[in-house]
Amino acid sequence: MESILRKNLIRIYENSPARFHMPGHKGRFGDPLDTTEVPGSDSLHDPHGIIKDVEDKIASYCGAGESIMLVGSTTAGLQSAIIASLEKGERIAVPVNAHRSVYPGLSISGAEPIYYLPDETPPGYSVSLKTVERLIRENPDLKVILIVSPDYYGCLSEIEEIATFLHEKGITLIVDQAHGAHLRYTELGDAVAQGADIVVESSHKMLSAPTQTGVLHTRGDGRPIRKVLRILESSSPSYLLLMGLEEAYDFAECEGRDRFGAVFDAHE
């Protein structure tokens with residue numbers, strides 16, 4: 001499958017134009033496709049061209065309303081999701097096994113965290129619908145619930161049941177799926193298909209994307225999240241990282257089910 005970014009960047013530079021822009025190597029001592037926002041290359045923080053085409057393609061692969069490529073991986077994704085979803089003083093349920101990136105997001109947003117203990121499911125933790133129902137009874141003013149699924153041991157939460165319940169309550173469900181970008185290619189399914197409002201995944205952990213890359217998937221309007229990402233992420237995102245991210249999802253879409261299926265078959 002041909003990369004949209006690679007094809008179009010090659011086209012921009014195939015006639016060896018003079019470069020009076022970043023990066024400093026000018027394509028002579030580094031990768032010639034290591035470029036910046038020039039006519040034809042689009043902009044990650046305001047995509048209308050080839051980057052938008054790539055994000056639309058990833059969204060179609062993953063069944064998301066909108067998919068946003070990240071060069072700050074799940075760290076930037078979780079922080080932007082929290083900041084965009086909460087006003088100062090509003091309450092969010094945070095599991096005690098949340099990633100450390102969550103806490104700067106809480107600090108910047110001014111949101112009030114309510115910490116909760118997930119269910120023990122050795123060797124790790126998961127979250128059940130029963131636990132979420134209890135959280136809502138005890139904290140009826142919650143605006144957001146954050147869940148880590150899978151956790152760092154691969155334990156999965158009852159995302160589909162929880163999402164259905166929270167949608168009825170008008171509460172936003174954010175899922176830290178940092179270690180689960182591969183799940184949609186297995187019989188287990190992922191949090192996007194199971195109805196979570198915002199799902200953030202580190203594509204470099206379980207897929208073949210370069211380190212530092214990820215994707216944020218949302219069911220709704222992604223503009224508030226993009227506005228925050230303009231603040232949190234670099235204003236000069238690496239096109240090499242973006243190409244690697246695109247090609248990782250192309251590869252997973254073509255071969256992910258066979259490759260991860262083989263792992264499941266071997267385990268059985």
Side-chain angles (χ1 to χ4, degrees), residues 1-12 33 35-74 76-78 80-81 84-85 163 172-175 177-178 180-185 189-210 212-230 232-257:
M1 188 175 297
E2 188 174 28
S3 162
I4 294 172
L5 283 170
R6 185 176 296 276
K7 177 182 68 176
N8 283 276
L9 293 179
I10 289 173
R11 184 176 63 191
I12 291 171
L33 301 186
T35 187
T36 189
E37 294 87 352
V38 295
S41 72
D42 205 4
S43 170
L44 177 62
H45 298 305
D46 187 25
H48 290 88
I50 58 177
I51 291 177
K52 183 179 186 304
D53 291 342
V54 173
E55 291 187 331
D56 288 347
K57 178 173 64 171
I58 293 173
S60 71
Y61 288 164
C62 301
E66 191 169 345
S67 294
I68 302 172
M69 293 197 289
L70 304 170
V71 292
S73 199
T74 298
L78 285 174
S80 65
S85 299
T172 299
L173 174 60
I174 300 175
V175 176
Q177 190 174 263
H182 65 302
L183 290 174
R184 66 181 54 90
Y185 306 108
D190 77 318
V192 177
Q194 292 165 353
D197 296 291
I198 301 172
V199 178
V200 191
E201 57 194 30
S202 293
S203 313
H204 65 94
K205 285 185 168 69
M206 297 303 294
L207 302 184
S208 58
Q212 194 178 315
T213 60
V215 173
L216 182 150
H217 307 285
T218 177
R219 294 175 68 244
D221 184 359
R223 285 177 294 181
I225 293 169
R226 290 185 188 276
K227 184 176 180 180
V228 178
L229 284 170
R230 293 187 192 110
L232 297 180
E233 290 192 309
S234 171
S235 60
S236 301
S238 166
Y239 277 78
L240 300 182
L241 294 182
L242 296 176
M243 280 189 290
L245 187 57
E246 177 191 4
E247 291 172 355
Y249 280 86
D250 284 344
F251 181 81
E253 185 67 13
C254 290
E255 300 197 29
R257 289 167 183 80

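As the structure is a computational prediction, the values presented were derived from the model and not from experiment.
- Within the 4.5 Å cutoff, the side chain of Asp250 has heavy atoms near those of the Lys57 side chain.
- The two residues Leu70 and Gly77 come nearest to each other via the heavy atoms CD1-CA, 3.8 Å.
- Nearest heavy-atom pair, Ser67 versus Ala59, reported as atom, atom and distance to 0.1 Å: OG-CA, 3.2 Å.
- Between Ile225 and Ile198 there is a side-chain heavy-atom pair separated by less than 4.5 Å.
- Residues Met243 and Leu9 are in side-chain contact: their nearest non-hydrogen atoms beyond the backbone lie under 4.5 Å apart.
- For the atom pair CG (Leu242) and OG1 (Thr35), the distance works out to 11.5 Å, reported to the nearest 0.5 Å.
- Side-chain contact check for Thr213 and Ser203: no donor-acceptor pair (N or O, by modelled atom type) lies under 3.5 Å.
- A distance-only check finds a donor-acceptor pair linking the side chain of Tyr239 to the backbone of Ser41 [under 3.5 Å].
- Listed for the His45 side chain is no donor-acceptor partner under 3.5 Å among the backbone atoms of Ser236.
- Remark: of the listed residues Ile50, Ile10, Asp42, Asp53, Ile50 is the sole one forming a side chain to side chain contact (heavy atoms under 4.5 Å, CB included) with Leu5.
- In this structure, CD on Glu253 lies 7.0 Å from OG on Ser60, to the nearest 0.5 angstrom.
- In this structure, the side chains of Glu37 and Pro237 come closer than 4.5 Å at one or more pairs of heavy atoms.
- Between Arg226 and Asp46 there is no side-chain heavy-atom pair separated by less than 4.5 Å.
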Derivation of the side-chain contact (heavy atoms from CB on, under 4.5 Å) call for His217 and Glu201: CA-CA 8 Å; His217 307 285; Glu201 57 194 30; 3.1 Å; yes
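- Closest heavy-atom contact between Ala163 and Ala196: CB-N, 4.1 Å.
- The pair Glu246-Arg6 does not meet the salt-bridge criterion, since no charged nitrogen lies less than 4.0 angstrom from a carboxylate oxygen.
- Val215 and Ile58 make their closest contact through CG1-CG2, 4.3 Å (heavy atoms, listed as atom of the first residue, atom of the second, distance).
- Annotation: the span from Leu229 atom CG to Ile68 atom CD1 amounts to 6.0 Å, rounded to 0.5 Å.
- A distance-only check finds a donor-acceptor pair linking the side chain of Glu233 to the backbone of Val71 [under 3.5 Å].
- Taken from CG in Leu207 to CZ in Arg184, the straight-line distance is 7.5 Å, to the nearest 0.5 Å.
- Within the 3.5 Å criterion, the main-chain N or O of Leu241 finds a donor-acceptor partner in the side chain of Ser238.
- The CD atom of Glu66 sits 7.5 Å away from atom CD of Glu55, with the distance rounded to the nearest 0.5 Å.
- Cys62 and Tyr249 make their closest contact through SG-CE2, 3.9 Å (heavy atoms, listed as atom of the first residue, atom of the second, distance).
- Across all non-hydrogen atoms, the minimal contact from Leu245 to Ala209 is CD1-CB, 3.9 Å.
- One distance of note links CD1 of Ile51 with CG of Leu44; it measures 5.5 Å at 0.5 Å rounding.
- In terms of modelled atom types and a separation under 3.5 Å, the side chain of Ser202 and the main chain of His204 share no donor-acceptor contact.
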